[in-house]
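In what follows, a single structure is set out as structure tokens and then discussed.
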2 protein chains.
Amino acid sequence: MPARKPTIDDVAALSGVGRATVSRVLNGGPNVRDEVRARVLEAVEKLQYKVNMQARFLAGGRTQVLGLIYASDLDSEPNSFYHSGLELGALRACTEFGFQLVMHTANQHSLTRATRIIEFVDQSRCDGLILTPPFSDDTDLLEQLQGRNVAVVCISPGEAAQKLASGVGIDDEVAAYELTRHLVGLGHRRFGFLKGLQGHLSAEQRYSGFLRALAQAGIGEDAVVAARGNFTFKSGIELTPGLLKDGQGITALVCANDDMAVGALFSIHKMGLNVPRDLSVVGFDDTPVSEIIWPPLTTVHQPLKAMGYRAVQMIVERVKTGGSAPPPRFEAIAHRVVIRESAAASQPAHV
Amino acid sequence: MPARKPTIDDVAALSGVGRATVSRVLNGGPNVRDEVRARVLEAVEKLQYKVNMQARFLAGGRTQVLGLIYASDLDSEPNSFYHSGLELGALRACTEFGFQLVMHTANQHSLTRATRIIEFVDQSRCDGLILTPPFSDDTDLLEQLQGRNVAVVCISPGEAAQKLASGVGIDDEVAAYELTRHLVGLGHRRFGFLKGLQGHLSAEQRYSGFLRALAQAGIGEDAVVAARGNFTFKSGIELTPGLLKDGQGITALVCANDDMAVGALFSIHKMGLNVPRDLSVVGFDDTPVSEIIWPPLTTVHQPLKAMGYRAVQMIVERVKTGGSAPPPRFEAIAHRVVIRESAAASQPAHV
DNA sequence: GCATTCGTTGGAAGCGCTTCCAATTCCGCT
DNA sequence: AGCGGAATTGGAAGCGCTTCCAACGAATGC
């Protein structure tokens with residue numbers, strides 16, 4: 001039963017042409033008569049022939065393999081959601097374009113993380129690499145990758161990284177701006193803001209988009225009480241009481257991501273306040289919990305699958321054209337403000 | 001700069017031995033003098049030589065590649081969590097054993113799903129395959145895989161599947177038994193049960209473990225009101241009111257998974273009841289939400305990472321020994337009942 | 001009508017590695 | 001000293017594919 005798999009020579013023999021011609025047909029090469037092409041394809045079909053990728057690479061140089069790197073020490077929920085989305089999108093694209101997606105993790109805190117990733121690239125001989133945060137911000141790693149012949153695309157890279165490699169992400173500044181406009185439209189005038197990790201580009205941009213919307217509505221930075229969180233549920237829980245105590249008059253709390261928003265909700269609930277009656281809360285990311293929690297969270301949907309898909313597409317474009325590294329380019333994918341029940345009109349009594 | 005990568009011949013030349021000897025050293029082969037071995041390793045180090053996996057496969061037959069298959073049309077949270085856990089564990093093992101993990105998805109509802117997966121195996125020439133639900137229960141697929149020379153391990157396979165391939169999972173029956181014992185110990189005597197998908201082995205076993213614990217405590221099936229859900233948050237929301245209305249006296253609600261439990265919590269909250277004061281609720285899986293929700297859910301922790309790790313380990317064992325298919329074997333990984341606040345002592349008033 | 005191209009085709013040379021097999025060396029023994 | 005076998009080692013044959021290059025006939029140019 002497990003008879004030897006058919007090789008290109010079997011196909012050549014069956015269709016009565018040379019091995020080179022079969023190869024040409026298989027790779028869509030030019031200069032093959034239609035009649036011959038048809039004959040070869042028929043033989044391929046009859047033999048259930050599948051090219052051997054390993055052999056193809058050995059001869060050709062392309063592996064048609066893309067690596068997707070993510071941090072192995074992030075195993076809490078938000079990241080599993082984040083990475084799954086990216087991965088699913090990337091996978092769809094890979095299937096479509098005939099590439100393979102191989103996963104690799106690295107310890108984000110390890111000093112040798114760049115080395116480990118470089119090693120992976122050397123070892124797997126992958127044609128392309130998708131870097132997710134925090135690796136998409138590791139300029140050191142990015143520089144080392146330059147010399148290697150791999151197409152790199154970063155997911156939500158930081159500013160410095162954007163100069164070194166192409167990237168995809170959403171426009172956090174605009175998204176935050178739109179989300180805030182929604183709140184302003186609801187009548188809110190005094191805000192709390194739970195910031196994300198210091199130095200994290202998205203975190204900073206979310207804050208500046210927020211401020212821009214406020215400024216446009218004639219609201220100054222003095223109307224906002226901010227606290228620096230770290231994107232975790234826990235920091236949401238811990239920071240919220242302080243914000244509400246110090247910032248009298250706050251009617252809306254903007255969180256740099258959903259996890260902190262859920263933490264805030266938790267904390268607010270404990271304090272005996274009602275959302276959205278007493279306070280509106282909004283998040284960022286549209287994680288699954290945001291829909292399940294009570295009240296469902298108004299947030300910004302981050303199109304992870306589309307991002308993963310686009311990342312692969314960008315790599316494939318570059319690999320297919322075979323050209324040398326084009327100038328790095330950042331591409332923003334359309335986000336969407338998702339309006340649910342955690343944000344409502346500001347109560348006159350609280351203004 | 002991107003000078004040609006060193007090949008095995010470069011190493012052979014530098015260390016002054018034959019190519020075959022270098023290969024032997026690289027593969028830990030026997031019959032090499034220590035002095036020679038050291039010399040070769042030194043050359044490898046100096047040249048920063050890395051074997052070319054593609055070439056190695058072409059010559060040797062082993063790809064050292066494992067495929068991890070999951071459903072592409074499951075993109076809701078519970079599954080992203082489930083798959084990420086499995087994947088992370090598998091990845092750790094792959095890194096450790098020097099294998100590569102390549103991902104592949106298939107549409108679980110497509111009629112050609114088995115074909116697509118077979119195609120993937122043929123194409124990628126992977127040495128092993130990890131099948132996650134629902135594919136781990138597809139006997140048709142499993143049978144087609146028999147002929148192919150790949151080591152297959154199923155995650156939480158159904159009964160029929162367990163006869164066709166090895167698998168790992170938790171012992172759902174025992175886990176449910178223990179969870180129920182906990183409830184009984186808390187004084188509960190009348191129960192609601194939200195079942196999982198019909199025909200799903202885990203779902204059925206969770207129910208029978210539950211019944212066994214009840215029986216052991218002298219509680220008959222007449223003390224339970226059950227409803228058939230489908231593992232989703234939504235079904236939890238929809239089914240709960242019916243259970244509470246019809247089953248007067250219920251003080252504890254057992255759900256076949258956390259998502260339904262969270263839905264139940266949601267529903268119960270809407271009805272103006274308090275958990276755990278008026279009613280205890282427990283789930284199954286220990287998804288991230290179960291910790292974040294209020295009240296935190298008492299549930300069973302499913303060691304996903306350990307399962308993924310073990311699955312790879314089983315494959316590696318088989319690939320390394322190179323032997324033909326050993327008899328299928330199911331291995332249960334230790335679970336853990338996680339006690340949180342959603343289940344408390346039964347209130348006398350309600351008994 | 002003959003030389004020159006162009007479109008097609010097959011032969012053959014590797015790609016970098018494993019592994020069979022024959023050759024060589026090194027022992028312990030007789 | 002001489003012999004057999006075990007331990008080492010290198011030569012060489014592929015693994016299945018791409019691609020360069022030469023060869024061929026047909027179509028074009030003058």
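Chain letters run A, B, ... following the sequence lines, proteins first and then strands; every chain starts at 1.
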Hydrogens and angles aside, do [X] and [Y] bring a side-chain donor and acceptor to less than 3.5 Å of each other?
X: A:Tyr82; Y: A:Gln302; result: no
X: B:Asn107; Y: B:Ser72; result: no
X: B:Tyr309; Y: B:Glu96; result: yes
X: B:His83; Y: A:Ser84; result: no

From C-beta outward on [X], which listed nucleotide comes closest to its side chain: [options]?
X: A:Ala20; options: D:dG14, C:dG10, C:dC15; answer: C:dG10
X: A:Tyr49; options: D:dT9, D:dC17, C:dG16; answer: D:dC17
X: B:Arg56; options: C:dC17, D:dT19, C:dT19; answer: C:dC17
X: A:Thr7; options: D:dC17, D:dC15, D:dA13; answer: D:dC17
X: B:Asn31; options: D:dC17, D:dT9, C:dG16; answer: D:dT9

Exceeds 12 heavy-atom contacts within 6.0 angstrom, atom CZ of A:Arg116: no
Over 12 non-hydrogen atoms of neighbours within 6.0 angstrom of CD in A:Glu331: yes
Round to a whole Å and report the spacing from [atom1] of [X] to [atom2] of [N].
X: B:Asp10; N: C:dC15; atom1: CG; atom2: P; answer: 11 Å
X: A:Asp34; N: C:dG7; atom1: CG; atom2: C1'; answer: 13 Å
X: A:Arg62; N: D:dG16; atom1: CZ; atom2: C1'; answer: 18 Å
X: B:Arg33; N: D:dG10; atom1: CZ; atom2: P; answer: 9 Å
X: A:Met53; N: D:dC15; atom1: CE; atom2: C1'; answer: 17 Å
X: A:Arg19; N: C:dT9; atom1: CZ; atom2: P; answer: 18 Å
X: B:Leu26; N: C:dT19; atom1: CG; atom2: C1'; answer: 14 Å
X: B:Phe57; N: D:dC17; atom1: CZ; atom2: C1'; answer: 12 Å

Exercise: identify the closest heavy-atom pair between B:Ser156 and B:Gly169: OG-CA, 4.0 Å
Base-contact (B) and sugar-phosphate-only (S) positions in nucleotides 23-28 of chain D, heavy-atom cut-off under 4.0 Å, - elsewhere: ------
5' priority, DNA chain C, between B:Ala55 and B:Thr21 [closest heavy atom]: B:Ala55
Separation of A:Leu164 CG from A:Thr139 OG1 (nearest 0.5 Å): 6.5 Å
N/O donor-acceptor pair, side chain A:Arg24 with base C:dG10, under 3.5 angstrom: yes
Distance below 4.0 Å between B:Ser23 side-chain N/O and C:dC17 OP1 or OP2: no
Upstream residue (5' side of DNA chain D) when A:Gly60 and B:Glu35 are each assigned their closest nucleotide: B:Glu35
Sugar-phosphate only, base, or nothing, as touched by B:Asn52 at under 4.0 Å among non-hydrogen atoms: sugar-phosphate
